[in-house]
Every structure is written in structure tokens, then in C-alpha cells.
Amino acid sequence: MLKKLVIAGAIVAAATGSALAQNKPNVEVFGRLDMGVINANNVGTTGTSLTHITSSPISTSFLGFRGTEDLGGGMKASFLLESQINPADGTQGVSSGSGSANGVFGRESNLALSGGFGILRAGRQVMPIYQYFNQQDVRGGMGFGSSLVYFADGSTFGGTATAKTGISAMTGGTYGSNIISYQTPNMSGLTVRAMYGFGNTAGDMDYGQRLGIGALYDRGPVILTAGYYEVKSSAGVKTGEYQFLGGGYRVTDRLIVRGGFTQIENPSIAGQANSKFELKQASTQYQLTSDTSVFLGHYQFDDKVTTANKSKMWSTGVEKMLSKRTKIYALVAQQDNSGTAGFAAYGGGGANYNSLSTSQYQSVVQPGTKTTATGIGITHTF
């Protein structure tokens with residue numbers, strides 16, 4: 001009898017151990033390092049040229065951790081942590097909005113449940129509106145000479161690093177804290193992602209509330225994207241709103257074109273200065289070889305209240321994959337600012353985006369200045 005009990009116990013222990021082993025979470029360390037050298041003219045109040053090595057000229061450098069656990073029945077639990085870094089000097093990344101250091105995991109810090117129903121995510125995360133906004137650009141919203149110049153940065157109208165009127169500066173639409181989001185499964189090429197942001201302010205749920213929804217259809221040669229986002233102040237007043245419509249077409253297996261229209265406004269000061277802007281963009285990318293591609297883009301950001309304020313940008317460049325994880329690139333962009341516009345083609349926000357102090361990178365570019373920037377760099381993912 002004792003022998004049978006011992007054998008039965010061993011079988012149960014083995015089965016339990018096997019189950020625990022199967023449920024062991026799969027944790028992965030990943031990230032990206034991007035380094036480059038940029039030259040730009042008409043920098044600062046004296047309009048001088050500047051050549052410097054910089055962190056993240058085209059894509060944010062970061063270190064991340066993610067893990068998944070199989071819960072059975074096709075359902076999984078997962079977490080995501082991402083911390084922005086500046087590989088040029090080893091410091092922690094700074095936000096393009098304030099110039100102050102991000103939190104340790106200031107890019108993403110969230111938990112998710114996924115399965116046949118889609119993905120439910122809670123915590124700090126990339127905003128759905130930004131995720132789909134990037135579908136309007138062949139480069140996916142990379143920094144230098146792309147739509148990201150107008151979205152996340154803006155030395156903007158007023159021409160100083162503190163006069164933010166980029167899309168994210170008005171709405172906070174790049175990353176968000178206290179967010180719950182839901183993304184549908186892929187439905188024959190269509191995905192939809194919606195979010196609600198808690199203001200966590202006593203008194204009313206409207207205080208600090210954020211709402212957004214984005215959609216992407218990507219099937220065959222056709223790409224279509226659309227989105228809407230709004231944000232309310234701590235007093236419950238709608239202070240930011242934007243919507244976009246864009247798309248693309250794969251002309252051949254080597255040639256793709258994309259474009260779109262974005263409108264951003266602050267309803268609380270409608271008709272006043274810095275209350276309404278429009279971004280139009282068009283870009284194309286051609287695959288020269290299996291590992292080398294070239295791109296061309298045109299972007300125009302207009303002040304719809306003070307119509308003399310405009311910013312136009314042309315950009316072009318080449319990227320070559322040295323391996324699946326490493327690429328090199330060469331870029332050139334020209335920014336033509338009119339009126340009080342002061343955008344910088346190389347990522348603007350200046351001191352923040354390029355990890356240089358304000359004293360070194362004074363005012364980025366002055367109002368109404370035309371600037372040309374060139375850059376070369378290398379990106380490695382792991």
C-alpha cells in the first residue's frame with residue numbers, strides 16, 4: 001500500500017511540476033540604440049551652424065522588458081516596460097515636452113490580457129491615435145525629416161523651445177498615463193483601438209479625461225487609417241482635439257506611397273492665436289535592393305488663424321540594412337518657416353529631442369528661418 005502511495009505521489013508531483021513549468025512566464029530583454037552625427041545651419045539666435053553627435057536622431061533609443069504567460073484557452077497575460085535612454089552620454093532619456101527626465105519606465109509600463117477577443121491593456125502606453133497617425137508616413141513617424149517633427153516636438157510657432165504647438169504638446173498624444181485601451185483582433189485587415197484616460201482628479205471624471213480611437217485597414221496594396229482624440233483640462237474643459245485621415249498604396253512590391261491630413265485645435269480658445277493647425281503630408285519609399293531603400297517626403301504645417309505662419313519641409317535619404325538588426329542611414333531635410341514658425345527638421349524641441357542642454361542649443365531655430373540639416377547614423381535593435 002505504501003509503495004502505491006509513493007508512486008501516486010510521485011506522479012502527482014511530476015504532473016504539478018510540468019504544469020508549473022508550462023505556466024512559467026517568458027521574459028525578454030529588448031531595445032534599440034540609435035546614434036548619429038547631425039549638421040544644421042541657422043541654429044540659435046546667432047544663426048550659426050552646428051555639428052554634433054546625438055542620441056536618437058531618427059528613432060528613440062530605449063531598453064525594454066516584456067513577458068507573457070499562457071493562461072490556457074488561448075488567453076495570455078503580458079507586461080511591457082520601456083525606458084528611454086541617451087546612448088551618446090549614457091543618461092536617462094528626457095521627454096520632448098518638458099526637458100525634464102522621464103520616469104524610469106516613461107515610455108511604457110503596462111499589463112495586458114489578450115486572446116481571441118483582442119487585447120485589453122492598462123497603464124502607461126503609446127496612445128492609439130499616435131500608433132495610427134504614423135501610418136500616414138512611409139517612415140512610420142521616425143524623427144529626422146518626418147511627420148514626427150510636427151507631432152511630438154515643436155519648437156514651433158513662437159520659435160523657442162518653450163513655445164510648443166506641436167500636436168503632442170497641445171494634446172499629450174504620444175504616450176499617456178492611467179490609460180485603459182482595447183484593440184480588436186485583425187478582422188480581414190482591419191484593426192481598431194480605443195482608449196480612455198483617467199484624469200485621477202477628485203471631483204469629476206471629466207477632469208483630465210482623455211478619449212481616443214484609431215483604425216487601420218491594411219490588406220493587399222491598400223492602406224487606410226483614421227483617428228480621433230480629445231483631452232480635457234483638470235477643470236474638465238476640452239483643451240485639445242485632433243483628427244486625421246490618411247492612407248497608402250503599394251504600387252509594386254518595391255514602391256509604396258503614403259499621405260494624410262491632420263487637424264489639431266484647442267476648442268477652449270477657438271479663434272485665438274495658436275488654436276488651430278493643419279498638417280498635410282505625402283511620402284514615398286522605393287526599395288532599390290533587398291537591403292537598401294530610399295525615401296522622399298513633403299510636409300506642410302499651417303496656422304489656420306494666423307495664416308502667415310507656415311512651415312514646409314522636404315526630406316530625403318537612404319537606409320541600408322547591414323543585418324536584420326543593424327542599419328545605417330544618410331538623411332537631408334530642409335525646413336522653410338514663415339511668420340513665427342520655428343520648427344527644426346532634425347527633430348526640434350531641440351534641447352530635449354537631441355539630449356543637449358538649452359544653453360548649448362539655444363532656441364533651436366528662430367522664427368521665419370529656413371534651415372537645412374544633414375545626418376548620418378547607425379541603428380541597432382536587440
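These figures come from a predicted structure and were not determined experimentally. Residues take their numbers from the sequence shown, with the count starting at 1.
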Given the rule that I, L, V, M, F, W and Y join up when any side-chain heavy atoms are under 4.5 Å apart, are [X] and [Y] in one cluster?
X: Met187; Y: Tyr132; result: no
X: Val318; Y: Tyr286; result: yes
X: Tyr130; Y: Leu224; result: no
X: Met127; Y: Leu245; result: no

Subject >> Step-by-step side-chain contact (heavy atoms from CB on, under 4.5 Å) determination, Leu33 to Thr379 >> reply: CA-CA 6 Å; Leu33 295 178; Thr379 302; over 6 Å; no
Assess, by modelled atom type and distance only, whether the side chains of [X] and [Y] contain a donor and an acceptor separated by less than 3.5 Å.
X: Ser311; Y: Tyr150; answer: yes
X: Ser56; Y: Ser61; answer: yes
X: Glu230; Y: Tyr242; answer: no
X: Gln285; Y: Ser293; answer: yes

Would you mind reporting whether [Y] and [X] have side-chain heavy atoms less than 4.5 Å apart?
X: Thr326; Y: Phe382; value: no
X: Arg210; Y: Met195; value: yes
X: Phe30; Y: Thr381; value: no
X: Gln334; Y: Lys370; value: yes
X: Ile180; Y: Tyr182; value: no
X: Ile38; Y: Phe144; value: yes
X: Ile119; Y: Leu113; value: no
X: Trp314; Y: Val332; value: no

Can you give the donor-acceptor pairs under 3.5 Å from side chains of residues 250-261 to other protein atoms, not counting sequence neighbours?
unit_1, atom_1, unit_2, atom_2, d
Arg250, NH1, Asp218, OD1, 3.0
Arg250, NH1, Gly220, O, 2.8
Arg250, NH2, Asp218, OD1, 3.1
Arg250, NH2, Asp218, OD2, 3.3
Thr252, OG1, Arg254, N, 3.1
Thr252, OG1, Leu255, N, 3.1
Arg254, NH1, Leu288, O, 3.2
Arg258, NH1, Gln135, O, 2.8
Arg258, NH1, Gln135, OE1, 3.1

Original post:
Taking the six-membered ring for Trp, is the centroid-to-centroid distance between Tyr299 and Phe301 below 6.0 Å?
Top reply: no
Original post:
Is NZ or CZ of Arg139 both nearer than 6.0 Å to the six-membered ring centre of Phe295 and within 45° of the ring axis?
Top reply: yes
Original post:
Can the positive tip of Arg107 be found less than 6.0 Å from the middle of the six-membered ring of Phe62, inside 45° of the ring normal?
Top reply: yes
Subject >> Check against side-chain contact (heavy atoms from CB on, under 4.5 Å), Val192 and Ile213 >> reply: CA-CA 7 Å; Val192 179; Ile213 187 169; 4.0 Å; yes
Could you report the tightest heavy-atom contact between [X] and [Y], atom names first, then the distance?
X: Thr316; Y: Leu296; value: CB-CD1, 4.1 Å
X: Thr191; Y: Thr184; value: CA-OG1, 3.6 Å
X: Gln125; Y: Ile179; value: NE2-O, 3.1 Å
X: Ile378; Y: Tyr329; value: N-CE2, 3.6 Å
X: Ser59; Y: Asp34; value: N-OD2, 3.0 Å
X: Ile376; Y: Ala330; value: CG2-CB, 4.1 Å

With no hydrogens and no angle check, is any side-chain donor or acceptor of [X] less than 3.5 Å from a backbone partner on [Y]?
X: Thr225; Y: Gly247; value: no
X: Ser83; Y: Val104; value: yes
X: Asn309; Y: Gly339; value: no
X: Ser114; Y: Gly118; value: no
X: Arg32; Y: Thr60; value: yes
X: Asp303; Y: Thr306; value: yes

How long is the span from the [atom1] atom in [X] to the [atom2] atom in [Y], to the nearest 0.5 Å?
X: Lys238; Y: Leu211; atom1: NZ; atom2: CG; answer: 8.5 Å
X: Thr289; Y: Lys320; atom1: OG1; atom2: NZ; answer: 5.5 Å
X: Met313; Y: Ser147; atom1: CE; atom2: OG; answer: 7.5 Å
X: Leu111; Y: Phe79; atom1: CG; atom2: CZ; answer: 9.0 Å
X: Asn337; Y: Lys310; atom1: CG; atom2: NZ; answer: 12.5 Å
X: Leu80; Y: Glu82; atom1: CG; atom2: CD; answer: 5.0 Å

Subject >> Derivation and outcome, side-chain contact (heavy atoms from CB on, under 4.5 Å), residues Ile129 and Phe244 >> reply: CA-CA 9 Å; Ile129 198 73; Phe244 65 82; 3.4 Å; yes
**OP:** Give a yes or no on this: more than 12 heavy atoms of other residues, nucleotides or ligands lie within 6.0 Å of atom NZ of Lys312.
**Re:** no
Original post:
Hey, is NZ on Lys76 packed in by over 12 heavy atoms from elsewhere, all under 6.0 Å?
Top reply: no
Subject >> Ring geometry between Tyr196 and Phe198 (parallel below 30°, tilted from 30 to 60°, perpendicular above 60°) >> reply: perpendicular
Original post:
In a check of side chain to side chain contact (heavy atoms under 4.5 Å, CB included) between Leu279 and each of Ile264, Val149, Asp302, Thr262, which one passes?
Top reply: Thr262
**OP:** May I have the step-by-step check of side-chain contact (heavy atoms from CB on, under 4.5 Å) for Asn26 and Glu69, ending in yes or no?
**Re:** CA-CA 6 Å; Asn26 176 28; Glu69 182 182 18; over 6 Å; no
Original post:
Any salt bridge between Asp291 and Lys327, counting N to O under 4.0 Å?
Top reply: no
